[in-house]
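This report refers to the structure that appears directly beneath it.
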Amino acid sequence: MAGFDHKTLDAKWQAFWEREQTFLTPTDRTRPKYYVLDMFPYPSGDGLHVGHPKGYTATDVVARAKRMMGFNVLRVMGWDSFGLPAERRAERTGEHPSVITARNIATFKSQLQKLGLSYDWTRELATSDPTYYKWTQWIFELLFERGLAYRAEVPVNFCPALGTVLANEEVKDGKYIETGDDVEKRLMKQWMLRITEYADRLSEDLTGLDWPPGTHTAQFEWIGKSIGANVVFKVVGSDHPITVFTTRPDTLFGGTWVVLAPEHPLVDQITTPEQRAAVAAYRDQVGKRSERDRTTEAADAPKTGVATGAFAINPVTGKQIPIWIADYVLASYGTGAVFACPAHDERDHAFATKFTLPIIEVVKGGENVQVAAYTGDGPHVNSDFLDGLDIDAAKEKVIGWLEAHGLGSKSIRYKLRDWLFSRQRYWGEPFPTYELPDGQVKLVPKSDLPVALPQIDEYKPTRDGQPPLARAKDWLPVTDKETGQVAMRETNTMPQWAGSCWYYLRFISPQLTDQPWDREEEKYWMPVDLYVGGNEHAVLHLLYARFWHKVLYDAGFVSTKEPFQRLFHQGMIHKTSYREPKSGKYHYDHEVEQRDGAWYVKGTNDVVETKLDKMSKSRYNVVNPDDMGNEFGADAMRMYELFMGPLEDGVEWETSGVAGTRRFLDRVWRLLVVPADPSSGIEADTLSGKVSEDAPRDNKDLERTLHAAIKKVTAAVTDLRFNTAIADMMVFVNEATKATAIPRDWFEMFVKILSPFAPHIAEELWQRLGHTTTITYEPWPAHDEAKLARDVMVIAVQVLGKLRGQIEVPPDATEATILAAAKADHKVQQFLAGKPIKREIYVKGRLVNFVV
RNA sequence: GCGAGCGUGGCGGAAUUGGUAGACGCAUGGCUCUUAGGAAGCCACGUCGUAAGACGUGGGGGUUCGAGUCCCCCCGCUCGCACCA
């Protein structure tokens, strides 16, 4: 054995931490706090792959280092345990989802524990636990009481053949993508959350957050605030005017027709008898398309539409313009009606081209607006009182004019829609509501929470398409205490997002039974100082959680406006997958071989395609962290996860890289320990004697690399740039391996900075150095800037920007002596060769450049 | 289509932010030790060249004493967004 016995060490120290409760959250409140949080996983049946621990290892290094730096650290893990896969499995096997979920959680937990992650497991929680979802329901009641939860008839994708509701993603061209069964729009009463009420604050408060710019932008654009105007178009021969929303009221003079969404209520009233058949046919055709399909076409895609035969009056020109219907206008956005200005809008231009409608230029600056729309700025033309103004000035003026004439007003719209909060599933939080015979909806009294999920015999929807909870016949009726009437419980459940909207608060006091969290503790711990997770949650989860948090803030239950002060997305770990193109069959990497630059199934001529893919069981490219831990140890595995490359980058897993970090740890081990080697007569480990109190302290190279590593690792805890910090630790160990002796305090400093990365071996080394307590709370070493200086400065000498030599000078050498020394260098002299020096450039401590 | 980002050895990646390109690691080759295998240690490792040296960060051009880094054009890849009025 050339190094340490990782199996013994990993088990020994994991047992020690558990026995000593080393990672129990501290209770004194005098020290500064640090709340570091991982996005908690959905405990899938597949277990962990090596991609999961990347983020968890990064946060673990931060947590462990912060503890040593004197912070009280809140470091916790839980389970986002409601969700579809467990329900689907239950449908197949009849096993209760809670049983499936509990088993998966046990697997995940044991896999995580084998990595030595320093979670306070006494705070573990699961969103599907009634003691947890009791408070999810409690927050829902708060939303309801504040007018932010309401019920609405919402069209859902209903598949009669399957008797179930489908997500938009599952429907294409009116068919279920899996089976091809017809899908119809069916109105269902659904819970909605009024997130749009918080649109402005969700947008504005992003500014103060330390978030990746991409995520910041994604949320900002998702909310999609646009400022414009509502403009009233009178309809010829009708009392019902059309209100359109536009962000370009300045182009009204170029407005040559109006388009209504096919579903617009006015369509029936205004369509002329001649056009009725065409309109009906078009509406029928559009009705089959989902809104998603309608909105996933390019702006310049060919347009469809039908004229209603009716005419509207352009409010600024007074001219009559035709009214059309077209599917690119959506009933659910704006007012469901637009006016078209083909000269300055791509969609309108495509429409005008298709149906030969007039195009009037009103902003100068483009080429020929008959050929292509011009969307840039410029002076207005053909626009009466707007002529000569730029877009901003024209907008302001025309809105003033519209308001003065009662024909419109300034208006703000958001892309963000209210949040559809009902799911027709079993494995989710039941709504704490019931409906009286008269349709009135009431909340279950808070003292009766939680409304627990009832047992049912089958997890499928009912024959008539009711959600699975409708099968719980005994559970459905409930007596309203106020009126004595028998009411019916809600059969929808909440979406998976619900539980993850507030779990970071429950971690603060997860065992509390009479409150969701302790208010004083919340003031101490919030906000989350560092939140790490994948960027697939850039919008939905992170936006929904912010929304709930703001509601809780308004209600006085939390003390911060925002939950997550700093956000970081770790990159995904990929692995090559091998797939036979014909059959679509995947192969493990040991089943394939490379010949003449192509890949084949071993021993055959069957070609396989290679692709760098996400790890997934179905692609046969999963690397299991348990295998890595068994072969190389948890510490080597942890270090490789962070050494692979920058944390935010997606990289390919290379198992040979783990062997490299393992070799590094073996080298560290041998600095202190001579490993037992029975074959050469050494029966037990002994201390090497290399690390000693009286080792000479004049090894400047060793001291410098130590302090450089301390500096880099300390910075890495803040920057989350671990790969180069590990490289610097390797440099120190290479230097220490060369040294004949290492002062004991230097080695101890190194073991301390190593400990967040490789805690098992660090604890063992610490103990063998004679310490009796854990290294977890040892004070973090500080680097000494003076010790980073070298005895000699190496200065590069360039002539005309090309490297021609190097000189060594004392660190305190003046510029003049350095320049003189550089000129004296014989190699440099060859290139100067009597030519006059025009310029001498000296970059402090780095280089000299002569221009000749 | 629009937007953002990226392109560096056989591979993952470094580069003090305009100052010695290739740190650290993987893979590979050589040597030492070893009965052997393995481990460990040492050395080499961008290309061409015996060497001096020349060339070299996707390609082309520019700014500069000096460019992987800044500017312009092109090529390629990745990730977002996708008729939002």
Side-chain angles (χ1 to χ4, degrees), chain A residues 1-3 213-215 217-218 221-222 224-226 228-229 231 244-249 251 259 261 292 294-303 326-330 332-341 345-348 350-351 413-417 535-536 538-539 571 612 639-640 643-646 649-661 663-664 666-667 670 675 677 679-680 721 723-731 733-734 737-738 794-806 827 830 838-852:
Chain A
M1 197 74 204
T215 308
T217 311
E221 287 181 1
W222 188 266
K225 182 176 185 173
S226 48
V231 184
V244 307
F245 173 69
T246 175
T247 56
R248 294 293 303 275
T251 62
V259 189
R292 188 187 177 83
R294 284 166 61 179
T295 55
T296 44
E297 274 166 44
D300 56 357
K303 295 286 175 285
D327 68 351
Y328 75 89
V329 177
L330 305 172
S332 57
Y333 183 77
T335 59
V338 303
F339 83 86
C341 176
D345 182 285
E346 277 187 59
R347 290 161 307 169
D348 297 341
F351 200 83
R413 298 279 163 179
Y414 300 92
K415 259 198 245 183
L416 183 71
R417 313 287 175 81
N535 66 358
E536 66 273 21
V539 179
L612 208 49
M639 292 209 89
Y640 177 62
F643 185 57
M644 292 174 86
D649 287 1
V651 265
E652 181 176 8
W653 182 267
E654 284 288 351
T655 297
S656 60
V658 193
T661 50
R663 270 198 282 275
F664 160 71
D666 281 334
R667 283 156 75 88
R670 290 196 305 267
D677 184 4
S679 64
S680 32
R721 290 182 59 85
N723 53 333
T724 51
I726 292 171
D728 276 13
M729 288 195 280
M730 288 172 168
V731 171
V733 171
N734 291 346
T737 302
K738 272 187 248 163
V794 180
I795 302 286
V797 184
Q798 297 180 334
V799 178
L800 282 171
K802 296 213 182 228
L803 184 67
R804 296 304 181 189
Q806 286 194 339
K827 269 173 93 178
Q830 290 172 21
K838 281 199 271 188
R839 228 176 120 184
E840 298 172 348
I841 293 144
Y842 172 60
V843 182
K844 196 167 180 295
R846 308 214 66 86
L847 62 72
V848 185
N849 189 12
F850 295 113
V851 185
V852 293

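Since this is a predicted model, take the numbers as computed values, not measurements. In what follows, every chain begins at residue 1, and chains take the letters A, B, ... in the order their sequences are listed.
A syn orientation is assigned to B:G9, its glycosidic angle lying within 90° of 0.
Atom P of nucleotide B:C65 and atom NZ of A:Lys838 are separated by 10 Å, given to the nearest angstrom. Straight-line distance from the CE atom of A:Met730 to the P atom of B:A23: 14 Å, rounded to whole Å. Residue A:Phe850 contributes atom CZ, which lies 12 Å from atom C1' of B:C65 at whole-angstrom precision.
No contact: A:Thr217 has no heavy atom under 4.0 Å from any strand. Using a 4.0 Å heavy-atom cutoff across all strands shown, A:Val797 reaches no nucleic acid atom at all. A:Val338 comes within 4.0 angstrom of a nucleotide base, judged by non-hydrogen atoms across all strands. A:Pro213 comes within 4.0 angstrom of no nucleic acid atom, judged by non-hydrogen atoms across all strands. A:Gly660 comes within 4.0 angstrom of the backbone, heavy atoms only, and of no base. Across all strands, A:Asp327 comes closer than 4.0 Å to base atoms (heavy-atom distances).
Atom CZ of A:Arg839 sits about 13.0 Å away from atom CZ of A:Phe850, to the nearest 0.5 Å.
For the salt bridge (Lys or Arg N to Asp or Glu O under 4.0 Å) test, residues two or more places apart in sequence or in another chain that qualify with A:Lys225 are A:Asp200.
Cation-pi geometry between A:Arg347 and A:Tyr328 is not satisfied (NZ or CZ under 6.0 Å from the ring centre, within 45° of the ring normal).
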Summary of protein contacts for nucleotides 15-22 of chain B, nucleotide by nucleotide, where a base hit scores B, a sugar-phosphate-only hit scores S (4.0 Å, heavy atoms): SB--BB--

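Where A:Glu652 and A:Arg667 meet RNA chain B, the nucleotide closest to each residue was compared, and A:Glu652 sits on the side nearer the 5' end. Across the interface with RNA chain B, nearest-nucleotide mapping of A:Asn723 and A:Tyr328 shows A:Asn723 to be the residue nearer the 5′ end.
Taking a pair as Watson-Crick or G-U wobble with both distances under 3.5 Å, the runs of three or more consecutive pairs in RNA chain B are B:1-7 with B:75-81, B:10-12 with B:24-26, B:28-32 with B:40-44, B:46-48 with B:53-55, B:58-62 with B:70-74.
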